[in-house]
Amino acid sequence: MIDYHIHTNLCGHATGEMVDYVKEAIRCELDEIGFSDHLPLVDGKEKNLTMLPDELPNYVSEVMSLRKSFPEIRIKLGIEADYIPGNESYIKELIIRYPFDYVIGSVHYIDKWAFDHPKELSGWDERDVNAVYEKYFELLRKSARTSLFDIIGHCDLVKKFGHRPSTELTKDLIDTAKVFKEYGVALEINTSGLRKPVNEIYPSCEILKLYREYDIPIVFGSDAHTPDDVGRDFDRAVSLARQVAYEEFVTFENREMKHQKLDSIGNSILSL
Ligand SMILES: [Zn+2]
Ligand SMILES: [Zn+2]
């Protein structure tokens, strides 16, 4: 089993040493993990959102050194980049400098509003929920079309606080699935939604079912911001994938996708 969405204390809002995340992954009997801390935003450190550009080399070398120290588990070098229209060349310039195995593209901002940040919760009161959803899925499609990302992160994060649209999402979802397919991105089954007010995995069963119809590959991620969260609720993530008839998941190495059988996941995961 893999956990491809793991943060570190470099971003300013996660706790625990990187080595503790690795030890927890070994304890959970994961075969492979990937660190995917927040790629620097220009003012990210100041707001405790991301690491600083000059911290990126340390992050990369720490992952490399953990890889050597813990040969019993495969450790991948990933990164989670915020997709904000206009910052494409900034992202590209940063990611080509390092040997990333994969890049997760995440939409956390609609215009300049961090819709998933607890401090910006009041922003929801000023907006039409349907319009927010529409804009969110449009940004997801745009993020996939940049070809900068291998994986699209938590692809219905917009539901985090429980806001739900009153209109059908079907057209937006189908359009998004088609774009994901066309650009060859994977999506993640991210269990952190179970620890948030919505209390639901990202994406929902309904959305995942549709992506399955379009044969969009999946990875698994906990979005751990503390070592205890590594591999958390993966029994539920795997059963969700199976429920909508996924038979495979994917891994990445040097930004190349590899297919793995879901059957290969041992029963150990079910007793985490
Ligand atoms: Zn974070
Ligand atoms: Zn995220």
Side-chain angles (χ1 to χ4, degrees), residues 3-18 20-21 24 33-53 55-56 59 63 76 78-85 87 91 94-95 100 102-110 112-121 123 132 135-137 139-140 142-144 146 148-161 176 180 185-198 200-204 207 218-230 232-233 237:
D3 185 344
Y4 264 21
H5 200 143
I6 295 178
H7 290 278
T8 79
N9 58 16
L10 284 170
C11 66
H13 62 272
T15 56
E17 298 301 320
M18 287 168 82
D20 297 325
Y21 288 84
E24 179 61 13
I33 58 166
F35 281 98
S36 54
D37 209 2
H38 298 282
L39 187 79
L41 273 171
V42 183
D43 57 354
K45 193 67 185 184
E46 193 188 309
K47 296 178 183 163
N48 280 338
L49 293 171
T50 68
M51 57 183 134
L52 278 169
E55 288 172 319
L56 201 47
Y59 166 74
V63 173
K76 295 289 170 67
I79 197 88
E80 179 181 20
D82 281 288
Y83 174 64
I84 298 168
N87 73 352
I91 295 173
L94 276 181
I95 60 182
F100 290 112
Y102 61 88
V103 179
I104 301 177
S106 291
V107 173
H108 297 118
Y109 293 90
I110 293 176
K112 286 191 172 156
W113 174 46
F115 63 85
D116 77 317
H117 199 294
K119 283 192 183 145
E120 302 203 27
L121 190 52
V132 172
K135 188 84 198 186
Y136 174 76
F137 283 100
L139 286 166
L140 280 190
K142 273 193 172 174
S143 72
T146 63
L148 287 170
F149 312 119
D150 306 294
I151 301 164
I152 303 299
H154 40 58
C155 63
D156 63 352
L157 179 67
V158 68
K159 71 182 177 186
K160 178 174 176 178
F161 298 113
T176 307
F180 284 6
V185 292
L187 65 90
E188 61 164 1
I189 299 191
N190 179 314
T191 56
S192 71
L194 292 168
R195 312 191 292 274
K196 299 290 157 33
V198 68
E200 199 179 273
I201 288 176
Y202 306 118
S204 67
I207 297 181
I218 49 168
V219 301
F220 294 94
S222 64
D223 218 334
H225 282 74
T226 164
D228 278 353
D229 286 340
V230 172
R232 183 167 280 203
D233 296 312

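One-based numbering, in listed order, for ligands and for the atoms of each.
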Problem - From CA spacing to verdict: side-chain hydrogen bond (donor to acceptor under 3.5 Å, both in side chains), N190, S192 - result: CA-CA 6 Å; N190 179 314; S192 71; 2.7 Å; yes
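Ring planes of Y59 and F35: perpendicular class, angle over 60° (limits at 30 and 60°). Using a 30° and 60° split on the angle between ring planes, H108 and H154 fall in the tilted class, from 30° to 60°. Ring geometry for H7 versus H13: interplanar angle of 30 to 60°, hence tilted.
Here 3 is the count of protein N, O or S atoms positioned under 2.8 Å from the Zn ion (ligand 1), waters not counted.
Geometry about the Zn ion (ligand 2) gives an angle of 100° between NE2 of H108 and NE2 of H154, rounded in steps of 10 degrees.
When atom types are taken as modelled, the side chain of E24 and the backbone of Y21 share no donor-acceptor pair closer than 3.5 angstrom.
Closest of all the heavy-atom pairs between T191 and D233 is CG2-O, 3.6 Å.
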